[in-house]
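Take a look at the structure below.
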Amino acid sequence: MQALKRIPQPLGQSLEQRALILVQRSTKLNHFLQIHALLIKTSLTCNNHVLAKLLPQLLSSSSANLPYARSLFDETPSPDTFLYNCMIMSCSKSHHSEVGLSLFLNMRLRKNSVVAADGFTYFLAVQACGKSGDLRVGRIVHAEVSKLGFDSGLIVATVLIEMYAKCDDMESSKRLFDALAEPDLVCCNVMLAWCVRVREMKIAREVFEKMPERDLVTWNTMIHGYASLGDIAAAKMIFDVAAERDVVSWSSMIAAYAKSRQSNEALKLFHEMQLANVVVPDRITMVSVLSACGDAGALGMGKMAHEFIVRNKIGIDLKLGTALVDMYARCGDMDISMRVFNEMNSRDVFAWSAIIMGLGSHGFAEVALHYFSKMIEEGIKPNDITFIGVLSACSHGGLVDEGRACFRSMAEVHGLSPKVEHYGCMVDILGRAGRLQEAMDLIRAMPFEADAVVWRTLLGACRMHKNVELAEEAIANLLKLEPLSDGSYVLSSNLYSLAKKWNKVSDIRRMMKNGKIQKVPGSSSIEVNNTVYEFVAGDRSNPKFTDICKMLDEVIDRLKIAGYKPVTAAVVQDFSEHEKENALAYHSEKLAIAFGLLTTAPGSTIRVIKNLRVCEDCHLTVKFISKVYCRNIIVRDRTRFHHFVEGSCSCKDYW
DNA sequence: CTAGGGTTAG
């Protein structure tokens with residue numbers, strides 16, 4: 001009664017009306033309990049009208065209220081169709097469609113009672129079958145629906161199509177769809193969406209071609225459909241010819257480029273979107289934009305995107321927060337990455353995994369492990385991706401024992417069985433630390449066939465520690481598994497060069513020639529004034545090429561005075577010492593850094609992104625540059641970050 | 001009843 005007194009009550013209302021007002025304003029379970037006590041006192045519990053308001057409210061506030069709602073419902077002596085429908089719908093909405101379904105089945109058993117299922121009940125039942133994936137009941141309901149003639153309407157037909165699709169029975173779904181004389185727009189869109197979900201773009205295309213009218217959902221489904229198959233060109237074609245475009249269309253297309261790692265295209269399209277000035281980017285657009293910035297290592301662009309988010313008051317949710325954390329980490333700014341992470345309202349396993357991965361890639365292994373234990377303390381369950389982050393952090397930091405302990409804890413503490421990727425990380429940890437035999441033993445003992453990545457990891461470690469015998473086995477397996485990949489050949493020829501096995505080097509080179517295997521050229525990019533400049537080894541197309549080379553020659557001369565000696569051991573033998581130096585001199589990262597020295601303010605940090613691993617000579621060169629030119633230089637290579645400060649590197653020459 | 005977003009070893 002006290003609860004009722006707290007809300008302003010116009011005179012002349014019945015108790016029932018007052019109870020309804022109270023119900024509508026309540027969100028917490030104990031409010032409901034109070035109301036319930038009240039209702040019992042006044043015998044209003046049995047009132048279908050009151051319950052039809054109360055139950056949906058109760059279930060939408062928290063699905064933990066389900067048992068209570070259920071008991072209220074079960075106590076009702078004569079529920080009517082309307083109340084049943086309310087309850088079934090509320091159960092479905094609160095992700096308890098199986099409960100809704102059981103209520104529907106109960107309803108049908110009450111043969112003698114006045115309550116009968118109507119068209120809407122069947123609609124809800126079909127939907128509930130789809131949501132709970134119950135094909136058996138779905139078929140029964142379908143048969144009944146047909147018998148009663150409720151399937152003549154397109155809306156019921158549409159949910160039936162969707163139900164079969166959700167229950168993994170695309171054939172029935174398609175059959176129903178094909179049987180329709182004139183499916184409406186929504187029905188076609190539903191069919192399209194399901195074709196996309198089961199990756200049947202051919203069928204999707206047929207449906208699409210036959211559609212007499214198309215709306216935004218149609219175009220956007222097609223864009224996303226092609227994008228999810230990786231057919232970016234087809235997605236772009238739909239995007240270009242679409243009769244209308246909204247923020248979903250632009251976001252889908254930007255996401256398509258970002259996911260296929262065409263980050264420059266993604267950023268270009270985002271720019272175009274802003275120029276078009278018709279639709280406003282939203283939080284979902286920005287997630288893809290940030291992902292593209294991170295991929296490109298474009299810190300300036302990423303910061304602008306972040307400012308855009310703040311300026312336009314786009315709230316930072318879990319996904320956007322994670323995207324920001326990841327972007328800053330990939331762009332080499334762990335300070336901001338950590339700040340954004342700490343400012344997030346809540347953090348889930350994605351967010352934690354992202355920060356752990358970021359810290360690990362920058363070589364902050366201990367910090368990464370610290371964050372991992374904080375995550376556990378906060379009760380977030382790690383998944384197998386978290387462990388990729390943790391193990392790779394140990395690997396980059398040279399933490400062998402910690403790595404081993406984490407690997408063991410996966411199964412023993414966290415109930416996760418290590419996958420081939422985790423074994424790969426362990427091979428990397430052991431191999432880098434020089435424990436090549438142990439790494440090999442692990443490969444032999446693991447419950448998977450070793451994949452190419454595992455062998456390449458071992459080969460990398462063999463190269464690092466100049467172990468030719470174990471390398472031979474890795475090479476043999478690698479060439480069997482990936483005969484066409486250039487990386488394996490480059491790594492092999494590199495190893496043989498270091499070991500001075502020149503015959504083997506020429507074998508490998510001949511195999512590459514015969515197999516028409518092209519080396520992926522090394523390329524490095526640097527962002528100056530928010531523009532990304534890309535350099536490819538030996539590529540003269542940059543208009544400033546001669547200036548840059550001149551600058552680079554001066555740089556090298558200054559470094560030599562400071563004691564720099566080129567590391568030529570990995571260069572093939574049939575070059576003279578001078579030619580060897582030249583082969584190294586114009587590696588892309590050196591060009592990019594020379595360009596950076598020319599175009600950025602003295603003392604400012606230079607950030608370079610490289611597509612391959614940085615070679616030993618470049619590593620040494622950059623160390624010298626950081627000292628001689630008093631610059632902090634951050635290089636992201638294929639596997640990690642190198643922070644060069646005053647002549648030394650954060651990787652402690654361990655990469 | 002239908003469409004877009006975040007973490008993955010080398």
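Just so it is clear: chains get the letters A, B, ... in the order the sequence lines come, proteins before strands, and each one is counted from 1. None of the values given here were measured: they were computed from a predicted structure.
- Here the two rings, on A/Tyr164 and A/Phe177, have centers that are 6.0 Å apart or farther.
- Here the C1' atom of nucleotide B/dG6 and the CG atom of A/Leu290 are 10 Å apart, to the nearest Å.
- Rounded to whole Å, the distance from CH2 on A/Trp352 to C1' on B/dG6 is 16 Å.
- B/dG4 atom C1' lies 12 Å from atom CG of A/Leu216, rounded to whole Å.
- Within the nucleic acid shown, A/Leu391 has no heavy atom closer than 4.0 Å to any nucleic acid atom.
- Partner A/His642 forms a ring-ring contact (aromatic ring centres under 6.0 Å, His included) with one of A/His396, A/His362, A/His619 and no other, that one being A/His619.
- Residue side chain A/Ser252 does not reach the base of B/dG4 through any donor-acceptor N/O pair under 3.5 Å, judged by distance alone.
- In this model, the phosphate group of B/dG10 is not approached by any side-chain N or O of A/Arg640 to a distance below 4.0 Å at OP1 or OP2.
- For A/Lys259, a side-chain nitrogen or oxygen approaches OP1 or OP2 of B/dG6 to under 4.0 Å.
- If you take OH of A/Tyr423 and P of B/dG10, they are 18 Å apart, rounded to a whole angstrom.
- For A/Phe239 and A/Trp250, the distance between ring centers is under 6.0 angstrom.
- Between the side chain of A/Asp282 and the base of B/dG5, no donor-acceptor pair of N or O atoms lies under 3.5 Å.
- Dashed line: the shortest gap from a side-chain N or O of A/His396 to OP1 or OP2 of B/dG10 is under 4.0 Å.
- In this entry the distance linking CG of A/Leu458 with P of B/dG10 reads 14 Å, nearest Å.
- As rounded to whole Å, 14 Å separates atom C1' of B/dG5 from atom CZ of A/Phe270.
- The ring of A/Tyr371 has its center closer than 6.0 angstrom to the ring center of A/Phe341.
- With rounding to whole Å, A/Asp348 atom CG is found 13 Å from B/dG5 atom C1'.
- The base of B/dG4 sits with one of its N or O atoms less than 3.5 Å from a complementary donor or acceptor on the side chain of A/Ser251.
- Distance A/Met163 CE to B/dC1 C1': 13 Å, rounded to the nearest Å.
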